[in-house]
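Below is one structure; the comments refer to it alone.
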Amino acid sequence: MGVKNRKVRPGGTAKSTSESDGAYSLGFGSGVARVAVISVVAIVFSVLHGYHISSMFESDRHFSHLSTLERELTFRTEMGLYYSYFKTIAESRTFLEGLHSVMYDNVTEYPTTINVLKRFNLYPEVVLAATYRAYEAVMGMFEIPTKLCWTVNRGEGMSPVQSCEGMGEPAYFYVNSVFVQNGLMMGLFFIFGTYLSGSMVGGLLTVACFFYNHGECTRVQWTPPLRESFAFPMLALQMFLLTHMLRSRSVGWKHVVLLAACNVTFILPWQFAQFALLTQMTAVFLVYVMGFIPADRVKAIVTGHILGLMVSYVLLFGNEMLLTSFYASCLLTVMAVVSFEPLLQRQTFSIATMALQGIVFIVGCIGLKIVISKVLNVTDDAHIANILRSKFSDYRDFHTMLYTCAVEFGFMQLSTPIELSQTLVLPAGLVVVVMIIYKCIFPQAKKWFALTQDKEPTENGTGKTQSCSDSSEDDDETSIDPSAALVYHLLQLMAFFLLALIIMRLKLFFTPQLCLAASLLASRQLFGWVGNQTRHALILFLILGAMSIKGSANLRHQWSILGEFSNVPHEEMMEWMVARTPPDAVFAGAMPTMASIKLSAHRAIVNHPHYEDAGLRERTKRVYGMYSRKPVEQVHRDLQAMGVTHFVLEHSWCHRRTKVGCSLPEIWDVEEPENAGKHPTCDAVKKKPEPYFKVLFKNKIYVVLKVLQIQGM
């Protein structure tokens with residue numbers, strides 16, 4: 001029988017088969033009992049997290065005692081928009097009728113008919129609505145009650161309301177489904193941390209860090225309908241599978257198909273998924289360039305990504321933003337680079353080769369992005385480049401400032417690293433980063449320089465070891481450096497940190513990844529030098545105890561939050577709209593309020609909070625002319641041209657600002673400097689609405705104006 005020597009890429013260190021299989025096999029070690037224990041613990045953590053987030057949601061809003069209208073009003077801004085489509089499908093006569101109404105919708109951007117399933121990443125609502133209808137049908141078949149209703153006396157001169165509780169109540173079914181999914185995510189994080197570190201203590205560290213920094217990791221407990229609530233658990237699953245592919249001695253089509261499926265479930269619910277996947281492919285490409293994985297492994301990963309992207313493109317009815325994204329350009333560029341590896345291998349492996357691959361990657365990503373966007377004539381994502389441009393220059397425009405004036409789109413606040421340091425998760429992550437660089441990247445770097453200086457060829461006569469594309473299956477099984485997954489997670493952590501640093505909202509990627517990195521404190525591969533396993537475990541539990549000092553205080557603070565939702569002015573306006581406006585009325589106003597009007601008053605709107613479409617951005621800009629310094633006549637003319645019959649004026653929007661220069665009139669001053677210094681249009685309309693508007697409803701927050709029809713305008 002022939003014997004083959006084990007080979008790795010330059011600088012890689014071979015690991016014994018027994019150690020590799022024991023630490024990284026699907027069972028994480030020995031026997032069925034260990035798998036059973038890990039599964040049971042994962043289920044426990046899933047239940048605990050689901051209970052944790054649902055309890056905080058209930059404590060903050062007293063959701064169980066709210067009326068149907070009040071529950072809908074808790075879904076502010078884009079949350080209300082997303083939930084409205086679930087409600088539409090769930091309450092339609094048939095599922096197909098509801099699906100048709102969202103695919104041919106002329107209420108959201110009146111009078112334009114749009115496919116909101118294509119535009120708004122609404123597959124979670126479609127699936128939940130179908131599940132809800134099936135649940136109600138089954139329960140009805142067996143005559144099992146699905147909700148309990150009672151009358152709630154609200155006091156303070158407010159009328160009593162009927163409140164229903166149970167999974168038969170659409171809002172209850174919706175939010176609890178989100179909490180179940182995110183509860184299961186915590187069990188996945190435990191398994192992920194255990195697999196990554198090779199120790200159950202590592203999984204425990206991951207879960208503890210997530211709980212202790214819960215407010216920095218997720219906001220699902222406050223905003224269940226947001227896209228990230230559905231998408232992030234799928235990203236965690238996708239990254240778990242990718243880690244397994246980076247560690248496996250061989251991958252096949254089942255891995256590629258599973259990776260594609262995970263990508264689809266991540267892309268469909270969230271328009272920002274492309275940015276996370278862009279950073280992932282960049283990290284995988286760098287792992288390849290540094291010599292930790294062969295070209296064939298990269299091709300398998302890229303194939304899974306491309307397949308997932310194409311399926312998502314089809315399911316989103318040809319959403320062009322997927323094809324014109326940097327993510328799509330990145331996939332094509334990476335596939336081209338690894339496909340040309342045999343050509344590069346004619347030269348001795350060197351730093352110059354790595355630099356050339358990096359340059360081709362950058363030029364390819366940017367160049368292809370520009371070319372594809374020009375060919376398809378798509379500008380919907382132009383605002384993203386403008387947002388990034390505004391971060392590092394004095395560039396400003398109306399749409400960019402609507403984003404950057406919001407706190408969540410600003411730079412990471414200093415309080416975030418302080419909070420993460422107090423729970424020790426940030427210091428723990430930094431220690432892991434240093435160890436990966438020292439134990440994995442430094443040895444590889446020494447090999448690079450040795451090959452560059454000595455021109456020392458490897459066994460196949462080139463500067464690299466024989467690539468998988470040129471080797472037998474057995475060679476492929478032994479060409480993965482055991483450090484590849486660790487280096488990938490290091491690069492992914494750095495990428496997510498940069499995203500969070502630039503846009504604070506994206507810290508929901510960084511902090512969970514930091515919790516995963518903390519699991520590597522339990523890695524014997526990185527920290528075997530501290531002593532035997534007993535001493536290592538003792539040190540880890542001491543660290544966990546130190547984390548618990550501030551972490552338990554954070555949990556107690558979250559548990560102490562008690563509130564009760566009440567927005568009487570908004571409720572009054574909604575009830576008035578339903579009772580006193582015609583069903584064909586068309587409303588315009590502030591984006592958050594428009595979502596509520598569509599959801600609860602069932603009236604047509606011309607603008608809404610989903611700001612990713614170029615046409616919608618221009619519509620909103622025209623509507624927000626009310627908060628500019630334009631002549632009232634011009635604002636009225638724009639509203640009349642859009643078919644608006646009613647305008648909801650919120651006078652607080654005339655002057656409120658998150659920081660200097662961020663009130664709406666000040667934002668308009670950037671667009672129209674010639675009007676700077678004039679009185680805001682909204683002040684003029686409030687003082688004297690005639691002859692262009694007529695006040696129909698008014699309370700301390702809202703004024704509903706009738707847009708009067710004037711001949712000749």
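Heads up: numbering here begins at 1 and tracks the sequence. On a predicted model such as this, the values are computed, not experimentally measured, just so you know. Note: hydrogens, waters and symmetry copies are ignored here, and every other heavy atom, side chains too, is used.
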Sorted by chain and number, sequence neighbours left out, side chain to side chain contact (heavy atoms under 4.5 Å, CB included) with Gln162 holds for Cys149, Cys164

Does His602 have more than 12 heavy atoms from other residues, nucleotides or ligands lying within 6.0 Å of its NE2?
yes

Is it true that [X] and [Y] have ring centroids separated by less than 6.0 Å?
X: Phe63; Y: Phe57; value: yes
X: Phe210; Y: His49; value: yes
X: Phe275; Y: Phe509; value: no
X: Phe192; Y: Tyr195; value: no

d(Cys262 SG, Leu277 CG) to nearest 0.5 Å is 11.0 Å

For Tyr104, the ring-ring contact (aromatic ring centres under 6.0 Å, His included) test, sequence neighbours excluded, returns His100

So, the side chain of [X] versus the backbone of [Y]: is there a donor-acceptor pair under 3.5 Å, distance only?
X: Tyr51; Y: Ser46; value: no
X: Arg603; Y: Met577; value: yes
X: Ser163; Y: Leu66; value: yes

* Is it true that the NZ or CZ of Lys598 lies under 6.0 Å from the centre of Tyr85's six-membered ring and within 45 degrees of the ring axis? -> yes

For residues 136-149, the side chain to side chain donor-acceptor pair (under 3.5 Å) pairs (sequence neighbours left out) are Glu136-Thr146

Between side-chain atoms of residues 226-242 and protein atoms elsewhere (two or more places apart, or another chain), which donor-acceptor pairs fall under 3.5 Å?
from	atom 1	to	atom 2	distance (Å)
Arg227	NH1	Asn121	O	2.8
Arg227	NH1	Glu125	OE1	2.9
Arg227	NH2	Glu125	OE1	3.4
Arg227	NH2	Glu125	OE2	2.7
Arg227	NH2	Pro225	O	2.8
Glu228	OE1	Arg219	NH2	3.2
Glu228	OE2	Arg219	NE	2.7
Ser229	OG	Thr223	O	3.3
Ser229	OG	Pro224	O	3.1
Ser229	OG	Leu226	O	3.4
Gln238	OE1	Gln280	NE2	2.7
Gln238	NE2	Asn263	OD1	2.8
Gln238	NE2	Gln280	OE1	2.7

Residue pairs passing the salt bridge (charged side-chain N to carboxylate O under 4.0 Å, His left out) test with at least one member in residues 52-62, sequence neighbours excluded, are none

Residues 91-117 vs salt bridge (charged side-chain N to carboxylate O under 4.0 Å, His left out), sequence neighbours excluded, gives Arg93-Glu97, Glu109-Arg119

- Message: Counting C-beta onward and ignoring hydrogens, is there a side-chain heavy-atom pair between Arg71 and Tyr174 closer than 4.5 Å?
- Response: no

